[in-house]
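Each remark here refers to the structure printed beneath this line.
Every chain is numbered from 1 and lettered A, B, ... according to where its sequence line falls, protein lines coming before strand lines.
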Amino acid sequence: MSPLILLISLSFVAIALFISYKEQLALEKDLLVGTIRAFIQLFVIGYVLQLIFDLRSLTGILFILALMILVASQNASQKSSFLPRSIALTYILGALLFAEITTMGLLLILQIVPVEPQYIIPISGMIIGNAMIAAGLTLSRLQSELASQKGLILTALALGATGRQAASSAIKQALRAGMSPTIDSMKTVGLVQLPGMMTGLIIAGASPIEAVKYQILIILVITASTAIASITVALGCYKPFFTSQHQLSNYYPRQ
Amino acid sequence: MLPKDEYISLSSYTPLLQWDDLSFSIPDKGATSTTILHNITGTLNSGEVVAIIGPSGSGKSTFLKLLNRLLEPTRGKIQYKGQAIDKIAVTELRRQVAYISQRPYLFPGTVADNLAYGAQLWNLDYDGAEWLEKVDLSPTLLTQQGDNLSGGEQQRLALARSLLLEPSVLLLDEPTSALDIHGTALIENLISSYLHGERAVLWVTHDPKQAKRIAHRIFLMEQGRLLYDLSVEDFFSSNAPEKVKTFLTVREGNY
């Protein structure tokens with residue numbers, strides 16, 4: 001694609017700008033900022049990726065992966081309204097790291113994916129991105145369930161349950177919340193919309209069947225990574241809400 | 001139901017629970033804290049029912065929760081059967097020193113599921129139908145969903161759920177506050193029949209008449225302090241301390 005054509009494609013933004021102006025939506029500024037940011041961010045990452053692909057350096061790959069995980073953890077830990085950010089960040093960082101190492105590790109060990117940056121980095125991006133969303137959903141649901149089940153949880157503790165036993169229903173709900181978007185999207189994939197990666201492969205010239213094979217692989221890998229991230233976050237993050245003596249801690253969510 | 005005077009004469013008056021100089025504070029935002037309970041000392045002896053009365057906000061519920069470590073005292077010592085409670089596994093302590101909340105919280109599921117909750121934690125065999133009969137509920141309710149029960153039925157189910165663990169001490173947090181005369185009488189009889197051997201009850205109530213019916217001793221609490229620890233006869237006698245008389249006058253008129 002020539003740079004000129006890309007510039008001409010800015011006219012699509014002009015359509016959105018026109019609608020915003022005409023209908024007085026006051027979105028013009030956001031639209032412009034968004035467009036400029038998309039251009040800059042994507043070109044920067046494009047050049048960085050090009051550099052790493054050319055260098056084929058392991059350090060480079062690990063650096064990019066570490067950066068992805070850090071940014072994703074930072075983002076997901078914003079869902080922490082009761083747990084101090086630093087504690088949430090620690091658990092989520094662990095969860096995303098665990099999800100990436102397990103799934104990417106398996107892909108590499110089983111030689112499903114070649115040890116090449118142009119495979120490892122985009123697939124990791126999808127693994128980490130989806131794990132990030134799952135981790136955030138799990139954490140926020142865990143907090144809201146603990147808040148709404150407070151009476152029941154105290155009752156369970158009073159009957160002699162441990163914190164883990166008392167929180168088990170909240171943990172289950174949180175896990176379901178973290179995992180179900182991926183499972184739901186598995187059910188409708190291909191019917192409602194073609195996933196971005198598959199679209200990209202087809203546009204870049206791959207046969208649809210080849211694109212489908214990769215897409216299936218990705219869906220399965222993402223299912224595993226969201227499950228790992230959710231369970232790690234849920235089983236880690238409930239702990240600071242209880243004391244070692246199975247009491248509600250000072251962080252325990254209030255309604 | 002035994003007349004009150006008989007079961008008290010059967011008891012050996014050994015202290016089941018002792019507490020010494022208990023204080024409890026909660027941290028505020030910043031470096032300060034609010035003290036909920038101030039330097040409370042006393043005992044609960046085998047075979048007796050002690051009523052705790054006092055205006056709302058006087059720290060009655062908080063005091064109960066300290067006794068089975070649902071809350072941790074900021075200061076002071078508690079002994080159960082002569083042993084410091086922090087030397088007893090906290091889940092075991094809670095099984096033996098049961099706390100029953102003002103509002104019954106039922107676990108999702110059937111009446112049978114609710115009875116099973118504590119029993120499963122402790123691997124106990126029990127006869128669900130028999131326990132329902134003991135709390136004046138029909139055994140046919142076993143398969144019913146818990147939330148189909150009326151408020152009074154739910155409270156009796158919650159009691160049965162705790163009583164089948166055979167605790168030695170019952171900490172009752174206004175268990176009849178939402179019940180009518182009939183429901184209240186059922187619970188009072190139930191607790192009387194529970195009280196035999198090495199057992200005792202600490203009963204928070206807002207109703208001096210109820211305290212008179214059920215208790216051997218009465219604690220009057222106000223603003224986090226234990227003002228008086230009196231026998232029920234002294235509490236309602238014409239020689240009672242002025243503060244007791246004032247409290248009773250404000251509550252219910254003359255006694």
Heavy-atom pair of closest approach, residues A:A161 and B:T91
O-CG2, 4.0 Å
Taking all atoms of both residues into account, what is the closest heavy-atom pair of A:T155 and B:F107, and its distance?
CG2-CZ, 4.2 Å
Atom CD of A:Q24: over 12 foreign heavy atoms under 6.0 Å
no
Atom OH of residue position B:Y126 - does it have more than 12 heavy atoms of other residues, nucleotides or ligands inside 6.0 Å?
yes
A:H246 side, atom NE2; B:L93 side, atom CG - distance, nearest 0.5 Å:
12.0 Å
Going by atom type alone, with no hydrogens or angles, which donor-acceptor pairs under 3.5 Å involve a side-chain atom of residues 27-36 of chain A and a protein atom two or more places apart or on another chain?
| from | atom 1 | to | atom 2 | distance (Å) |
| --- | --- | --- | --- | --- |
| A:E28 | OE1 | A:S20 | OG | 3.3 |
| A:T35 | OG1 | A:L31 | O | 2.6 |

Please state whether the side chain, the backbone, both or neither of B:R103 comes within less than 4.5 Å of a heavy atom of chain A.
neither
Quick one: of B:R161, B:R95, B:E92, who has the most non-hydrogen atom pairs under 4.5 Å with chain A?
B:R161
Quick check on B:D21: does its CG atom have over 12 non-hydrogen neighbours (other residues, nucleotides or ligands) under 6.0 Å away?
yes
Side chains of B:E72 and A:Q247: donor-acceptor distance under 3.5 Å anywhere?
yes
Side chains of A:L157 and B:Y99: closer than 4.5 Å at any heavy-atom pair?
no
Answer with side chain, backbone, both or neither: which region of B:I26 has an atom nearer than 4.5 Å to a non-hydrogen atom of chain A?
neither
Toward chain B, the part of A:Q149 with a non-hydrogen atom under 4.5 Å
neither
For B:L121, is it the side chain, the backbone, both, or neither that has a heavy atom closer than 4.5 Å to a heavy atom of chain A?
side chain
The reported gap from CH2 in B:W122 to CG in A:L159 (rounded to nearest 0.5 angstrom) is 10.5 Å
Take a 6.0 Å sphere around CZ of A:F63 and say whether it holds more than 12 heavy atoms from other residues, nucleotides or ligands.
no
In terms of heavy-atom proximity below 4.5 Å to chain A, should B:L106 be classed as side chain, backbone, both, or neither?
backbone
Does A:F98, at its CZ atom, have more than 12 non-hydrogen atoms belonging to other residues, nucleotides or ligands within less than 6.0 Å?
no
Looking at B:K81, I want to see if its NZ is surrounded by more than 12 non-hydrogen atoms of other residues, nucleotides or ligands under 6.0 Å.
yes
Those residues at least two apart in sequence (or on a different chain) that pass side-chain hydrogen bond (donor to acceptor under 3.5 Å, both in side chains) with A:Y238 are none
